[in-house]
There are 2 protein chains.
Amino acid sequence: MEKEISQTKECANTIMAIHDVMDLLNGKWKVSIIACLCCKKMRYSDLLREIKGISGKMLSRDLKELEINQLIKRNVLNTQPVTVEYEITEYGSTLKDLTSVIADWGFKHRKKIMAG
Amino acid sequence: MEKEISQTKECANTIMAIHDVMDLLNGKWKVSIIACLCCKKMRYSDLLREIKGISGKMLSRDLKELEINQLIKRNVLNTQPVTVEYEITEYGSTLKDLTSVIADWGFKHRKKIMAG
DNA sequence: CAGAATCCAACGGGATACTG
DNA sequence: CAGTATCCCGTTGGATTCTG
């Protein structure tokens with residue numbers, strides 16, 4: 001009985017935690033952006049090329065939101081014309097496990113679908 | 001050079017894999033539903049109560065989509081009135097790592113926000 | 001109990017054109 | 001290059017009501 005209560009409560013906390021994350025990383029693209037920047041620093045145009053299908057509008061909006069949440073950092077370089085570099089923050093890099101687990105499952109899933 | 005190419009290519013595949021998953025688990029609620037059902041079988045009304053904030057419409061829509069993708073199973077029981085039980089499939093349970101990693105990060109994040 | 005149906009607002013997200 | 005602005009549509013998602 002006690003165990004059931006604690007399991008139920010723990011489950012509720014889990015749901016809440018997951019909901020927090022899904023809220024922070026909402027939309028189609030944020031996780032991909034994070035994963036990309038976990039690999040290496042990238043510029044706006046690099047990301048646009050690397051992340052197939054994303055539009056400029058969504059990219060800049062998502063970058064802004066991720067920056068606000070301190071998951072990524074925006075560096076403007078003194079070049080002509082301006083170059084802007086995005087990189088993962090230390091805090092953002094704590095998401096690396098998360099992105100790699102997602103990617104791993106995605107690989108397996110794709111294989112399964114292909115095998116069909 | 002070879003290494004850079006392979007890293008870039010690997011990164012592209014990762015992005016694609018992540019995009020697949022984000023497509024499959026799109027919306028605010030699906031991951032929470034999966035996580036819930038990883039704990040135990042649940043009925044429609046249970047899920048509605050457990051997952052705070054979800055509406056009936058979204059719950060049934062998401063359950064349907066998850067069922068189509070064979071991540072969960074719907075069992076209708078011969079009772080009066082009808083009872084319906086949802087449970088995770090074997091395939092769906094391969095998402096357990098994913099949900100727990102997300103939840104873990106969510107817990108830490110919440111702590112950080114609280115502290116911050 | 002387990003939904004389906006309807007209505008409606010808000011947001012996501014693509015295309016295109018424009019700016020410094 | 002690195003965005004911003006505008007237009008526009010489809011989807012998401014909540015509230016409420018209805019059904020077997």
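All heavy atoms count here, side chains included; hydrogens, waters and symmetry mates do not.
Qualifying side-chain hydrogen bond (donor to acceptor under 3.5 Å, both in side chains) partners for B:Ser100, counting only residues two or more places apart in sequence or in other chains: none. Partners of A:Lys30 by side-chain hydrogen bond (donor to acceptor under 3.5 Å, both in side chains), not counting sequence neighbours, listed by chain and number: A:Asn26, A:Glu65. Residues satisfying the side-chain hydrogen bond (donor to acceptor under 3.5 Å, both in side chains) criterion with A:Asn69, sequence neighbours excluded, are absent altogether.
Nearest heavy-atom pair, A:Ser32 versus B:Ile15, reported as atom, atom and distance to 0.1 Å: O-CD1, 3.6 Å. Closest of all the heavy-atom pairs between A:Met42 and A:Cys36 is SD-SG, 3.9 Å.
In this structure, A:Lys28 places its NZ atom 14 Å from P of D:dG10, rounding to the nearest Å.
A:Thr14 OG1 to B:Asp104 CG: the interatomic distance, rounded to the nearest 0.5 Å, is 8.5 Å. Atoms CD1 and OG1, from A:Ile33 and A:Thr99 in turn, are 13.0 Å apart once rounded to the nearest 0.5 Å. Here A:Ile34 contributes atom CD1 and A:Leu24 contributes atom CG; the two are 8.0 Å apart, rounded to the nearest 0.5 Å. With values rounded to the nearest 0.5 angstrom, B:Glu50 atom CD is found 8.0 Å from B:Leu47 atom CG. Between the CG atom of A:Leu63 and the CG atom of A:Leu71 there is a distance of 11.5 Å, given to the nearest 0.5 Å.
Residues from residues 14-26 of chain A lying near DNA chain D, meaning a heavy-atom separation below 4.0 Å, are absent. For the segment residues 41-62 of chain A, the set of residues with a heavy atom within less than 4.0 Å of an atom of DNA chain D comprises A:Arg43, A:Tyr44, A:Ser45, A:Lys57, A:Ser60, in numerical order. Near DNA chain C, meaning a heavy atom under 4.0 Å from it, residues 68-80 of chain A has no residue at all.
For the ring pair (Phe, Tyr, Trp, His ring centres under 6.0 Å) condition, the pairs that include at least one residue of residues 24-77 of chain A, sequence neighbours left out, are A:Trp29-B:His19. Identified under the salt bridge (charged side-chain N to carboxylate O under 4.0 Å, His left out) test for residues 82-102 of chain A, with sequence neighbours left out: A:Lys41-A:Glu85, A:Lys73-A:Glu87.
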Listing, residues 106-116 of chain B side-chain donor-acceptor contacts under 3.5 Å, not counting sequence neighbours, or none:
| from | atom 1 | to | atom 2 | distance (Å) |
| --- | --- | --- | --- | --- |
| B:His109 | ND1 | A:Tyr91 | OH | 2.5 |
| B:Arg110 | NE | A:Asp20 | OD2 | 2.9 |
| B:Arg110 | NH2 | A:Asp20 | OD1 | 3.2 |
| B:Arg110 | NH2 | A:Asp20 | OD2 | 3.0 |

List the atom pairs, with distances to 0.1 Å, where a side-chain N or O of residues 54-62 of chain A and a protein N or O form a donor-acceptor pair under 3.5 Å, not counting sequence neighbours.
| from | atom 1 | to | atom 2 | distance (Å) |
| --- | --- | --- | --- | --- |
| A:Ser55 | OG | A:Met58 | N | 3.3 |
| A:Ser60 | OG | A:Gly56 | O | 3.0 |
| A:Ser60 | OG | A:Lys57 | O | 3.1 |

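DNA chain C is contacted by both A:Gly27 and A:Pro81; A:Gly27 maps to the nucleotide lying nearer its 5′ end (nearest heavy atom per residue).
Rounded to 10°, the angle separating the first-five-pair axis and the last-five-pair axis of the helix from C:dC1-D:dG20 to C:dG20-D:dC1 equals 40°.
Under a 3.5 Å cut-off, the side chain of B:Thr83 and the backbone N or O of B:Leu77 do not form any donor-acceptor pair.
Think of the region where chain A sits on DNA chain C: with heavy atoms and a 4.0 Å cut, that region ends 5' and 3' at C:dG12 to C:dA15.
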